[in-house]
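Taking it in order: structure first as structure tokens, then the write-up.
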Amino acid sequence: GKVTFKANANQGYHFAGWYKSVDDQGSVEFAQSDGINITVPNNENRKFIARFEPNKDTSYAVWHIKVQGGVADEVHAEKEYLSGVTGKKA
């Protein structure tokens, strides 16, 4: 029969392809896309693993707030816009 799989990535990640196993480090088993049709014989069991990778250009903002005498001066705070890899600490 024909089975349709759809891979939905969480924010900050993108779909990297379908693989046979979690440990599969080889090339993508099936064509990359947001969803894929896979034809599987009716008498065959298969396992498909969707792999997601972090985006390298995730936008985020950092607020720089002065603290003097234990009091935050949020009125004069500065906001800096940056981008980086999802999940990677700066």
Side-chain angles (χ1 to χ4, degrees):
K2 190 173 186 178
V3 180
T4 301
F5 294 95
K6 178 132 176 95
N8 295 312
N10 289 338
Q11 185 175 0
Y13 292 84
H14 64 274
F15 176 61
W18 293 103
Y19 291 80
K20 290 181 183 178
S21 70
V22 174
D23 298 326
D24 185 2
Q25 297 298 316
S27 61
V28 174
E29 180 68 20
F30 307 100
Q32 291 186 1
S33 68
D34 289 337
I36 187 169
N37 292 323
I38 301 171
T39 302
V40 181
N42 288 336
N43 60 354
E44 189 175 323
N45 290 328
R46 287 202 181 175
K47 181 166 124 179
F48 300 100
I49 306 293
R51 185 171 295 164
F52 299 91
E53 295 178 352
N55 292 340
K56 294 181 180 6
D57 59 352
T58 301
S59 299
Y60 63 97
V62 176
W63 283 93
H64 301 279
I65 301 172
K66 294 180 184 177
V67 177
Q68 292 180 336
V71 178
D73 181 6
E74 295 182 28
V75 174
H76 296 98
E78 294 180 18
K79 191 174 187 179
E80 180 180 14
Y81 294 95
L82 303 169
S83 67
V85 177
T86 298
K88 185 175 180 181
K89 294 182 179 183

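Because the structure is predicted, anything quoted here is derived from the model rather than measured.
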For this session: Identify the two heavy atoms, one from Ala50 and one from Ala7, that lie closest to each other, and give their separation to 0.1 Å.
Result: CB-CB, 4.4 Å

Seminar exercise, completed: Sorted by chain and residue number, the side-chain hydrogen bond (donor to acceptor under 3.5 Å, both in side chains) partners of Asp73 (sequence neighbours excluded) come out as His76

Problem set entry | Partner residues of Glu80 under the side-chain contact (heavy atoms from CB on, under 4.5 Å) criterion, sequence neighbours left out | His64, Leu82

Problem set entry | Euclidean distance, Lys66 NZ relative to Glu78 CD, rounded to 0.5 Å | 7.0 Å

Exercise. Between Thr86 and Pro54, which heavy-atom pair has the shortest distance, and what is it?
Worked result: O-CB, 3.3 Å

Exercise. For Ala9 and His14, which heavy atoms make the closest approach, and how far apart are they?
Worked result: CB-CA, 4.0 Å

Problem set entry | Residues in ring pair (Phe, Tyr, Trp, His ring centres under 6.0 Å) contact with Phe52, at least two apart in sequence or another chain | Phe15

Exercise. Nearest heavy-atom pair of Trp63 and Ala77: which atoms, and what distance?
Worked result: CE3-CB, 3.8 Å

